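Nothing here was measured: the structure is a model prediction, and the numbers come from that model. Residue numbers start from 1 in every chain, and the chains themselves are labelled A, B, ... in the order their sequence lines are given, proteins ahead of strands.
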Protein chains: 2
Amino acid sequence: MGSKRSVAAVDYGEIGAVCCGSLVESPLDEAAAAELARVLGALADPVRIRLLSIVAAQGEVCSCDLETPLARTQPTISHHTRILAEAGLLEGEKRGRWVWWHVNPARLAAIRRALGG
Amino acid sequence: MGSKRSVAAVDYGEIGAVCCGSLVESPLDEAAAAELARVLGALADPVRIRLLSIVAAQGEVCSCDLETPLARTQPTISHHTRILAEAGLLEGEKRGRWVWWHVNPARLAAIRRALGG
DNA sequence: TGCTGATATTGACGCCAGTCGATATATACT
DNA sequence: AGTATATATCGACTGGCGTCAATATCAGCA
């Protein structure tokens, strides 16, 4: 299915919406807190923060170009991109043998809003 | 030392500044990423998110009033308030036998800025 | 002074996350 | 088909986290 020039999205399943209002407006219920904690947990790692930062700076980055600057092995990079993608912060497109990653700015904005932005 | 009506700040040591520019502007170095990850890690827990949310909604809350809504024992509440305070997100004042907690809005704003706000 | 109550600390337990080596899968090239 | 390379998955190890019971500390009060 799809053209050979396909730019298939790498799908890691549904991402929850960081829907609910700001933290500081009214007490969050357990479900909202759990969802927000999950997304923040995806960000709460120095390697993933730098990964996201590198991708944001370059616009689009191949997985293979992350191992060296992050000083981690290929399985570990794959692990981190997966977690960021599952949190909706990173989106990947498979082009040929490579996966190209770019950030999802709307997702970051949603987190900022949840933090009282 | 200090007056008997003292409102001594509960001090958990220095808090690092979430200094550095936004994630999305330029790649963060390891130190900046580690610091940001530490603060985000303090937020990446459903109990702590709800705790912060409750304190924010009420302005000022006593530790003893957190056990019931959060359904955790007293040592666990103390553990979580400590982590939030060490991250600079919560500030406590000891008044008599009670500790009154309030959020540090500037700290939340700093995190939002680090996330590209 | 001694008692009561709020908070902090300690120690232990179970669980999850970050990491890597080994291996599997998939895509491109010859 | 066969080979080479990019990425994903698996299994194992290790360290850290959330939780609680028990205990310590400290402020107020009789």
Exercise for the section: Check whether any side-chain heavy atom of A/Val103 sits under 4.5 Å from a side-chain heavy atom of A/Leu89, and report yes or no. Expected result: no

Completion exercise
The correct set of residues in residues 54-66 of chain B placing a heavy atom under 4.0 Å from DNA chain C is B/Cys62, B/Ser63, B/Cys64

Practice task
Just compare C/dA28, C/dT7, D/dT7 and give me whichever is closest to any side-chain atom of A/Trp98.
Solution key: D/dT7

Practice task
Applying side chain to side chain contact (heavy atoms under 4.5 Å, CB included), name anything that partners B/Ala109, two or more places apart in sequence or on another chain.
Solution key: B/Arg112, B/Arg113

Practice task
Starting at atom CD1 of B/Ile77, determine the distance to atom C1' of C/dT9, rounded to an integer number of angstrom.
Solution key: 16 Å

Handout entry: With B/Glu25 via side chain to side chain contact (heavy atoms under 4.5 Å, CB included) - residues at least two apart
Key = B/Ser22

Handout entry: Contact under 4.0 Å: B/Ser78 side-chain N or O vs C/dT7 OP1/OP2
Key = no

Exercise for the section: Would you confirm whether B/Asn104, through its side chain, and B/Leu90, through its main-chain N or O, come within 3.5 Å as a donor-acceptor pair? Expected result: no

Problem - Validation row: B/Leu115, B/Val24 side chains within 4.5 angstrom (heavy atoms) - result: no

Problem - Least distance between heavy atoms, B/Ala44 atom then A/Ala44 atom - result: CB-CB, 4.3 Å

Practice task
Examine the base of D/dA6 for any acceptor or donor lying under 3.5 Å from a partner atom in the side chain of A/Gln74, and report the outcome as yes or no.
Solution key: no

Exercise for the section: Sequence neighbours left out, what pairs pass side-chain hydrogen bond (donor to acceptor under 3.5 Å, both in side chains) with at least one residue falling in residues 65-75 of chain B? Expected result: B/Thr73-B/Thr76

Practice task
Could you state the atom-to-atom distance from CH2 of A/Trp100 to C1' of D/dT7 in whole Å?
Solution key: 14 Å

Completion exercise
Rounded to whole Å, NZ of A/Lys94 lies from P of D/dA6 at a distance of 13 Å

Handout entry: Pairwise side-chain contact, A/Ser63 with A/Trp101, heavy-atom cut-off 4.5 Å (strictly under)
Key = yes

Exercise for the section: Sugar-phosphate atoms are those with a prime plus P, OP1 and OP2; base atoms are the rest. Using that split, label each nucleotide of nucleotides 10-20 of chain D B, S or - for protein heavy atoms under 4.0 Å, 5' to 3'. Expected result: --------SBB

Practice task
Could you tell me the separation between the CD atom of B/Glu67 and the P atom of D/dA21, rounded to a whole number of Å?
Solution key: 12 Å

Practice task
Quickly work out the A/Leu84 CG to C/dG18 C1' distance and round it to whole Å.
Solution key: 13 Å

Problem - Any B/Arg82 side-chain N or O less than 4.0 Å from OP1/OP2 of C/dT9 - result: yes

Completion exercise
Atom CZ of A/Arg97 and atom P of D/dA4 are separated, to the nearest Å, by 12 Å

Using atom types as modelled, flag every donor-acceptor pair under 3.5 Å from a side chain in residues 47-62 of chain B to any protein atom, sequence neighbours excluded.
{"unit_1": "B/Arg48", "atom_1": "NE", "unit_2": "B/Ala42", "atom_2": "O", "d": "2.6"}
{"unit_1": "B/Arg48", "atom_1": "NH1", "unit_2": "B/His80", "atom_2": "ND1", "d": "3.1"}
{"unit_1": "B/Arg48", "atom_1": "NH2", "unit_2": "B/Gly41", "atom_2": "O", "d": "3.2"}
{"unit_1": "B/Arg50", "atom_1": "NH2", "unit_2": "B/Pro69", "atom_2": "O", "d": "3.0"}
{"unit_1": "B/Ser53", "atom_1": "OG", "unit_2": "A/Leu23", "atom_2": "O", "d": "3.4"}
{"unit_1": "B/Ser53", "atom_1": "OG", "unit_2": "A/Ser26", "atom_2": "O", "d": "3.2"}
{"unit_1": "B/Ser53", "atom_1": "OG", "unit_2": "A/Leu28", "atom_2": "N", "d": "2.8"}
{"unit_1": "B/Glu60", "atom_1": "OE1", "unit_2": "B/Arg95", "atom_2": "NH2", "d": "2.9"}
{"unit_1": "B/Glu60", "atom_1": "OE2", "unit_2": "B/Arg95", "atom_2": "NH2", "d": "3.1"}

